[in-house]
Each structure stands twice: as C-alpha cells, then as structure tokens.
Amino acid sequence: QVQLVESGGGLVQPGGSLRLSCSASGSIFSILNMRWYRQAPGKQREWVAGISSIGITMYANSVKGRFTISRDNAKNTVTLQMNNLKPEDTAVYYCNADIVTGGNKRNDYWGQGTQVTVSS
C-alpha cells in the first residue's frame, strides 16, 4: 500500500511564489521518476515537470525558467518551487511517482491534488 500526499497549495497574487510538496509513504523499495501535473477546470490534465531517480529534470515550456522541481530520496519527497506565478497557472496540481514495492512490483501512483489559485 503506497500513498502520495500533496501540500502547499493556496491563494497567491500574480508574481508571487508557492512551494508544493509531495510525500510518499508505504511499503516502498525505491522511487524511480517523480512528476508534477496540473489540471484546470474544463481542461485536460497536463504534465508540468519531472525528475529522475538521479536528479535529471525536465519542464514544460510554459513553466520553464519559473518552476523548479527537486527531490529528497531519503525522505521520499518531491517538491515544486513555483516563482513568478501567473493567473494561467491556476489549477489543481497533482503529484505522480513510479514506485517499486515489495516483490519487485512497479506501479504508477497519484496524489489527490492541491489547489493553486493565482489572482489579485
């Protein structure tokens, strides 16, 4: 049984910053890729950023230069530092992770999401 829990969402003014965190818990052997997605009302869920087990990062063009993804392997956490936020960043942000559990079982897991609202 593996669970991902996001935190850090909230209301922020344009140009402001927020830091999202995601913590994985359960019978975890190892965590491979970790990612952040977001979904605005009436829109498709979109990929935002990803980080490999050794720290290689990738970003969607819409957030490149403003967002930074990082991870702490000892704590099984991934974070998303969001700077220079824009109204179009408003969405529910979801944590996603590729995790290996006991018996060498590999599955993709999702958190329940955290709301980010950028408005004046």
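Count residues from 1 along the sequence.
- Here Leu11 sits alone; no ILVMFWY side chain lies under 4.5 Å from its own, so it joins no hydrophobic cluster.
- Listed by first and then second residue, the salt bridge (charged side-chain N to carboxylate O under 4.0 Å, His left out) pairs that reach into residues 4-16 come to none, sequence neighbours excluded.
- Judged as a salt bridge (charged side-chain N to carboxylate O under 4.0 Å, His left out), and not counting sequence neighbours, Asp72 has no contacts.
- Smallest separation of non-hydrogen atoms from Leu80 and Ala49: CD1-CB, 4.3 Å.
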Identify every side-chain donor-acceptor pair in residues 12-25 under 3.5 Å, counting partners at least two apart or on other chains, and give the distances.
from	atom 1	to	atom 2	distance (Å)
Ser17	OG	Asn83	OD1	2.9
Arg19	NH1	Gln81	OE1	3.1
Arg19	NH2	Thr79	OG1	3.4

For Thr90 and Ser119, what are the C-alpha separation, side-chain angles and deciding distance, and is it a side-chain contact (heavy atoms from CB on, under 4.5 Å)?
CA-CA 8 Å; Thr90 296; Ser119 176; 6.0 Å; no
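- Remark: Lys64 engages Tyr59, Asn61 in a side-chain contact (heavy atoms from CB on, under 4.5 Å) (not counting sequence neighbours).
- For the pair Ile99/Leu4, a side-chain contact is recorded, criterion being any heavy-atom separation below 4.5 Å from C-beta on.
- The 12-atom threshold is not exceeded at CG of Asn104, counting heavy atoms of other residues, nucleotides or ligands nearer than 6.0 Å.
- Here the shortest heavy-atom pairing between Ala91 and Gln115 reads O-NE2, 3.5 Å.
- Cluster partners of Phe29, using a side-chain heavy-atom cutoff of under 4.5 Å among ILVMFWY residues and allowing indirect links, are Leu32, Val100.
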Please assess Met82 against Asp89 for the test side-chain contact (heavy atoms from CB on, under 4.5 Å), listing each intermediate value before the final yes or no.
CA-CA 10 Å; Met82 305 185 295; Asp89 294 319; over 6 Å; no
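- Within the structure, ring-ring contact (aromatic ring centres under 6.0 Å, His included) pairs that include any residue of residues 8-28 do not occur (at least two apart or interchain).
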side-chain contact (heavy atoms from CB on, under 4.5 Å), that's the test. Do Ile31 and Val78 meet it? Break it down for me.
CA-CA 11 Å; Ile31 302 178; Val78 61; over 6 Å; no
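- One distance of note links CG of Asn33 with CE of Met58; it measures 10.5 Å at 0.5 Å rounding.
- Atom SG in Cys95 sits 10.0 Å away from atom CZ in Arg35 (nearest 0.5 Å).
- The distance from atom OG1 of Thr77 to atom CE of Met34, rounded to the nearest 0.5 Å, is 7.0 Å.
- By the salt bridge (charged side-chain N to carboxylate O under 4.0 Å, His left out) test, Arg71 is found to be paired with no residue, residues two or more places apart in sequence or in another chain being considered.
- Follow the hydrophobic side-chain contacts under 4.5 Å out from Ile51 and you reach Ile28 in the same cluster.
- Evaluation of the ring-ring contact (aromatic ring centres under 6.0 Å, His included) test over residues 80-100, restricted to residues two or more places apart or in two chains, returns none.
- Identified under the salt bridge (charged side-chain N to carboxylate O under 4.0 Å, His left out) test for residues 39-55, with sequence neighbours left out: Arg38-Glu46.
- Atom CD of Gln39 has more than 12 heavy atoms from other residues, nucleotides or ligands within 6.0 Å.
- A search for salt bridge (charged side-chain N to carboxylate O under 4.0 Å, His left out) contacts involving Asp98 returns Arg106, not counting sequence neighbours.
- Pairs of residues two or more places apart, or lying in two chains, that qualify as ring-ring contact (aromatic ring centres under 6.0 Å, His included) and include a residue from residues 95-120 are Tyr37-Trp110.
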